[in-house]
J.: 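Just passing along the structure, written as structure tokens.
When a residue number appears, it is its place in the shown sequence, counting from 1. Every number for a ligand or one of its atoms is a count from 1 in the order of the listing.
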Amino acid sequence: MAEYESVLILDFGGQYTQLIARRVRELHVFCEIAPFNTPIETVAAKNPKAIILSGGPASVYAPFAPVCEKAVLQAGIPVLGICYGAQLMASLLGGSVEHAPSGEYGKTPVHLDETASLFHGLPSETSCWMSHTDRIGTVPPGFRITASTPACPIAAMENADLHLYGVQFHLEVTHTPEGCDMLRHFLFETAHCSGDWTMTSFMENAIQSIRSQIGSERALCALSGGVDSSVAATLVYRAIGDHLTCVFVDTGLLRAGEGDRVESLFHRRFDMPLVRINASARFFASLSGVTDPEQKRKAIGAAFIDSFAEQARTMHGVPFLVQGTLYPDVIESGSSVARTIKSHHNVGGLPADLSFSLIEPLRMLFKDEVRDLGRVLGLPEEVVDRQPFPGPGLGVRILGEVTPENVGILQRADAIVERVMRARGWYTAVWQSFAILPNILTVGVQGDGRTYAHTIALRVVESSDGMTADWVRLPADVLEEIAHAITSEIPEVNRVVYDITSKPPSTIEWE
Ligand code: XMP
């Protein structure tokens, strides 16, 4: 990413680190997240226009507190410390940090010094989002106090000559209404960034670099129809044209009509070479009698790999495999604490005789950037605004055995949920909205007769990354419309229930 001016974010384990990165990128400045202890030589080699020290859960005086080299603050590069990052800046440069008599959490009134570099032009009395127990006790020599709250006399500090700034509050969250302007002041006035990070320029650079990487060789891409693989495939197709072949595995566990939709868009409209494999019989055979969620995921993952590998073997001499890996996956895989809650499936576990070099053109992008890139590439809105869909498909939304019959019921319910959510303007306002078939039969009454039929559960959640989620308080009339449509259009269903749990303790998918 040497083509762009960049900002380096040193990660001290804060819950909002990725959010800081997204805010910086939204202002059209490229940034990367690196571990807190990145050596100064590595930092300098990246030639950042600015450095941001993230928040973190530790206390700076704790025995194993994460610390960056003091040289990071002395390299002449503008630095912004946020929460723990500000406390660390204070303690490294000769100020002090103290345990506050009472912590501050949530929205807090704050007084800003309008003459400060980060705050000029902003209202002097506003609010900010606090989440801390420690606070800066004294500022280092050469610094001045630039903001305060009732419980935190030093809510911000600066040494404008050295371009060093610290804020105790979280300017990256939307609950700090002036946060975006503060960040803008830091990036553009203090660090003199120009804002050269746009998806149009990214696309042009990516096409060049994919071309030089693949040369005159050929590449394969597992296309699912989801946003990430669709954007990755389209980008690579722009770079190498017919040297790319997309493989679409129809697992039989996809949304209704998905195979035809993918084929008509990519093959017919974009003229991309596309192999469509109808593998539903293989998937249903491998799922026969399987009810345990992890077994199911493994069976689906294995059937997928087998179908894809079979196709790949017929295409001799294709050295490259395109994958839609995103930046959050790259950050996650670099972290030490990855625990398997569910086995996610992708094409990573291919047999040894199929060794590909990976092309991951989206590995520096966040999801919202991928959507923007998709628009720049001319993908239609119905692909770009697609909600996430799990790799194992409807298989993890059917409890108990997965059969063609119950997939058929769930596909119809899923289509109704999407139809009503789109019509009522909710589809793109939430993270995910979908139906689940819990395989629970209950008694109902339809016409004059008793029924004993399926229940559909409805799950609608908001989330920023899928790691945590809250259930959406959908208006009652939207819920009613969905329930009415499902029970009247699907004879096998006589009841609809709404899932009102957040993640944690639940997960988003039911299996
Ligand atoms: P959970 O159910 O773990 O889901 O709360 C978090 C997010 O991940 C999606 N998901 C998957 N995505 N392969 C995927 O590509 C998978 O195996 C998979 N399982 C869950 C889920 O839809 C939600 O957005």
J.: Below 3.5 Å, N or O to N or O, backbone or side chain included: is there any such pair between Gln432 and ligand 1?
T.: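 Yes; the residue has a nitrogen or oxygen that sits under 3.5 Å from a nitrogen or oxygen of the ligand.
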
J.: For ligand 1, which part of Lys503 has a heavy atom less than 4.0 Å away: the side chain, the backbone, both, or neither?
T.: side chain

J.: Under 3.5 Å, is there a donor-acceptor pair between the Glu217 and His243 side chains?
T.: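 There is no such pair between these side chains.
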
J.: Within the 4.0 Å heavy-atom shell around Gly466, which atoms of ligand 1 are there?
T.: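 It comes down to these atoms of ligand 1: 6 (C).
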
J.: Check whether any side-chain heavy atom of Val262 sits under 4.5 Å from a side-chain heavy atom of Ser230, and report yes or no.
T.: no

J.: Return a yes/no value for Gly391: is any of its N or O atoms, backbone included, closer than 3.5 angstrom to an N or O of ligand 1?
T.: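 Among all N and O atoms of Gly391, at least one is under 3.5 Å from an N or O of ligand 1.
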
J.: Taking atom NZ of Lys503 as the centre, report whether more than 12 heavy atoms of other residues, nucleotides or ligands fall under 6.0 Å from it.
T.: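 Count over threshold, so yes.
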
J.: State, yes or no, whether a side-chain contact exists between Phe283 and Val407 at a heavy-atom distance under 4.5 Å.
T.: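 They are not in contact (no side-chain heavy atoms under 4.5 Å apart), so the answer is no.
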
J.: Tell me whether the NZ or CZ atom of Arg422 lies within the 45° cone about the ring axis of Trp426 and under 6.0 Å from its centre.
T.: no

J.: Given side chains that start at C-beta, do those of His267 and Arg276 come closer than 4.5 Å, heavy atoms only?
T.: no

J.: Taking 4.0 angstrom as the limit and counting only heavy atoms of Thr507, give me the atoms of ligand 1 inside it, by number and element.
T.: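 Heavy-atom distances to Thr507 below 4.0 Å select 1 (P), 2 (O), 5 (O).
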
J.: Closer than 4.0 angstrom: is that true for some heavy atom of Trp510 and an atom of ligand 1?
T.: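 Distance cut 4.0 Å: Trp510 fails for ligand 1.
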
J.: Tell me, please: is Arg297 in heavy-atom contact with ligand 1, that is, under 4.0 Å?
T.: yes

J.: Trp431 heavy atoms, cut-off 4.0 Å: which ligand 1 atoms fall inside?
T.: 24 (O)

J.: For ligand 1, which is the ligand I care about here, please tell me if Ile508 has any N or O atom under 3.5 Å from one of the ligand's N or O atoms.
T.: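 In this structure, Ile508 places an N or O atom under 3.5 Å from an N or O of ligand 1.
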
J.: Does the side chain of Asp11 pick up a donor-acceptor pair with the side chain of Thr17 at under 3.5 Å?
T.: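 The answer is yes; a qualifying pair exists.
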
